[in-house]
Amino acid sequence: MRGTKKYPHVIDTPDQGKWELAGYEAALPITEKSNPITRELDKADAAQIVQLLRDCDAEIFQEDDEALVNYKEPDNTLIVLSGGGASGRMGFLMAVSFNILLKGLGQLPQYTYIIAGGDRSLVASLEGPEDSALLGIEDLKKVCEGKKKVIFFGISCGLSAPYVAGQLDFCMNNLDIYVPVLVGFNPVTMARTDKIEGFHSTFRQVAERMEKLQETHQAFILNPAVGPEGLTGSSRMKGGSATKILLETLLLTAHKTVSKDSEISEKCLLEILRTYERAHKVTYGQSKKIAALVKQAGTSLQKKAYVYLVGWHTLGIIAIMDGAECIPTFGADINDVRGFLIGDRSEMFNREADLIAQGPKFAFSEEDFVKTILPSLTELDTVLFLFTVDDNLDEVEKLVVQVKERTSNVQALSHATVGQYLPASLKKLFPSIISIMWPILFLEYEGKFIQRFQRELSTKWILNTVSTGAHVLKGKILRNYMVDLRVSNSKLFWRAVSILQRFSGQPHAKCLEGLLQAIYDPEPLSEDLRTAPVSKHIAVATDKSKVVPTALLCLLRSCSVPEARARLDAAPSLRAALDTALNAPGRKRGADKSEPDEQST
């Protein structure tokens, strides 16, 4: 990373065209473009998958500027981190971490989180609430009731979530209490422009209003461009990592300046940012072992078995995040990749009661793993343990022994500081351990949290790579597109239309029609259905599987929905069925790269 200029509040991409794949991509936001690095991700083996995703993650550190707000956190201020889906889960993780930091300093908690759909969305895939701007406002009011000063971070990687748009709009209407900050990775000119149901503004209109307010430092926009995702549109990956790096750097620096009663310095910011860049090198220095884990996880999924991620403390949060996010991304089953949290969680959740006894879909604790998962483990399943040498290793060892009675496919990701080592009794239980050694940091208390954040980010990178790579090997990816995404909110609905355009070369209107046919079959498409609001389509599509690949096969083969489904069921993998259709005799070679007649919304 090169040195930064004086931190501007908004950064536009200097060369938006460098990431464009085809003509129609010019109209897509950066976060929805296909990354040239991973153009043939679906053909890669485990080792190549790791290298490709490593190179994509490295783009986070290639910008010349970092958009950072220069402010101090005043005393008695509530800091709110809010978002939908992956962004909301990342806000939760950071709120937990920074409250732990404050507790160690003898201070009261200052952070809280909001996620669309409430605490249940932290551990399960509930994408629908992200579409409601009014719900976002109501949730914000509840959390901030009685507060006199609130710094509000609205996280929306693609500048698209209606839930966050409503909250930012409310903040701008109440600037005597709120300081609104928008966090994302598209220029404002690429913010979402389609009408939000039940709301008076589009996301872009909200962002443009914020641009005007930031001239007087009443609002701020943090939107550095970090390039397209390795898996097109999957903001859980690079977008989530960049959010973590950006906000942790900002907030940790702010805490240090408050304790020292000094101004934020460029040197301090750069030092922290470079620790994350070093974390990238340290993490991917284990590429060979990560690739072996990708292969093992892929084998489990190919054999219709499962991958379980069992993590201690905040590493368990990251495990839960990764598993929950596989469901909408890959159309995965709840157990295909699933995370569990081990350790004290008493001060983590806003309303843990919303999670307890809500059924297997919301199970996430050690008790849940032992009672519901452990008895059903088979030799085909893979279990990955995530811990640091500072955790209760006797507890780790006890659970590993129990798991090994059911499956020999146990792996470990262990973090240690130089001079720390795993006990031999624990080490011998694992056929392979990704052991990451971190240097000793002689820093003040706040600075020591840098290593905690490094370990979390390193774990996130590895889990993202493993779960994505496993689904690639299972045949769930076409080129570098999530063609089996679950159509569970408006963002995913329009992304589905865009994917159909990309591979069929058909106009936007025809792709939209094809998607609706796949959603409503066997019910015929009436004019009432065609003109119904997107929310109705989503309500029907959310619980349906293989909607997008079915629609794509219909477009490619000019066949019926039942025939397309039959072809998908008969093929060895989803990718195989789609590749066969793309390369069918008589089909123009390369037609999947042609430019559609119209643009998607």
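Each residue takes its place number in the sequence, starting with 1.
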For the [atom1] atom of [X] and the [atom2] atom of [Y], what is their distance to the nearest 0.5 Å?
| X | Y | atom1 | atom2 | result |
| --- | --- | --- | --- | --- |
| K460 | E456 | NZ | CD | 12.0 Å |
| E229 | T329 | CD | OG1 | 10.0 Å |
| E366 | L374 | CD | CG | 10.5 Å |
| T550 | Q517 | OG1 | CD | 12.0 Å |
| Y163 | D131 | OH | CG | 12.5 Å |
| L53 | I462 | CG | CD1 | 12.5 Å |

Does any donor atom in the side chain of [X] or [Y] lie under 3.5 Å from an acceptor atom in the other side chain?
| X | Y | answer |
| --- | --- | --- |
| D119 | Y113 | yes |
| H415 | T459 | yes |
| W494 | E32 | no |
| S125 | E127 | yes |

- prompt: What do you reckon, are the aromatic ring centroids of H280 and Y276 less than 6.0 Å apart?
  reply: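 No, too far apart.
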Exercise. Is the F349 to F364 ring centre distance short of 6.0 Å?
Worked result: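 Close enough - the centres of the two rings lie under 6.0 Å apart.
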Are [X] and [Y] within salt-bridge range, i.e. N to O under 4.0 Å?
| X | Y | result |
| --- | --- | --- |
| D579 | R479 | yes |
| K371 | E367 | no |
| R89 | E325 | yes |
| R565 | D521 | yes |
| D194 | R192 | yes |

Any side-chain heavy atom of [X] within less than 4.5 Å of one from [Y]?
| X | Y | result |
| --- | --- | --- |
| V383 | N409 | no |
| F330 | L231 | yes |
| V561 | C554 | yes |

Checklist entry - Can you name the one residue among K546, K476, K544, R575 that meets salt bridge (Lys or Arg N to Asp or Glu O under 4.0 Å) with D484? => result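 The passing option is K476.
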Would you check, one step at a time, whether the test side chain to side chain donor-acceptor pair (under 3.5 Å) holds for R236 with S467?
CA-CA 12 Å; R236 80 188 186 105; S467 58; 2.8 Å; yes
* Within 6.0 Å of CD in E197, more than 12 heavy atoms from elsewhere ->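 Counting other residues, nucleotides and ligands, CD of E197 exceeds 12 neighbours.
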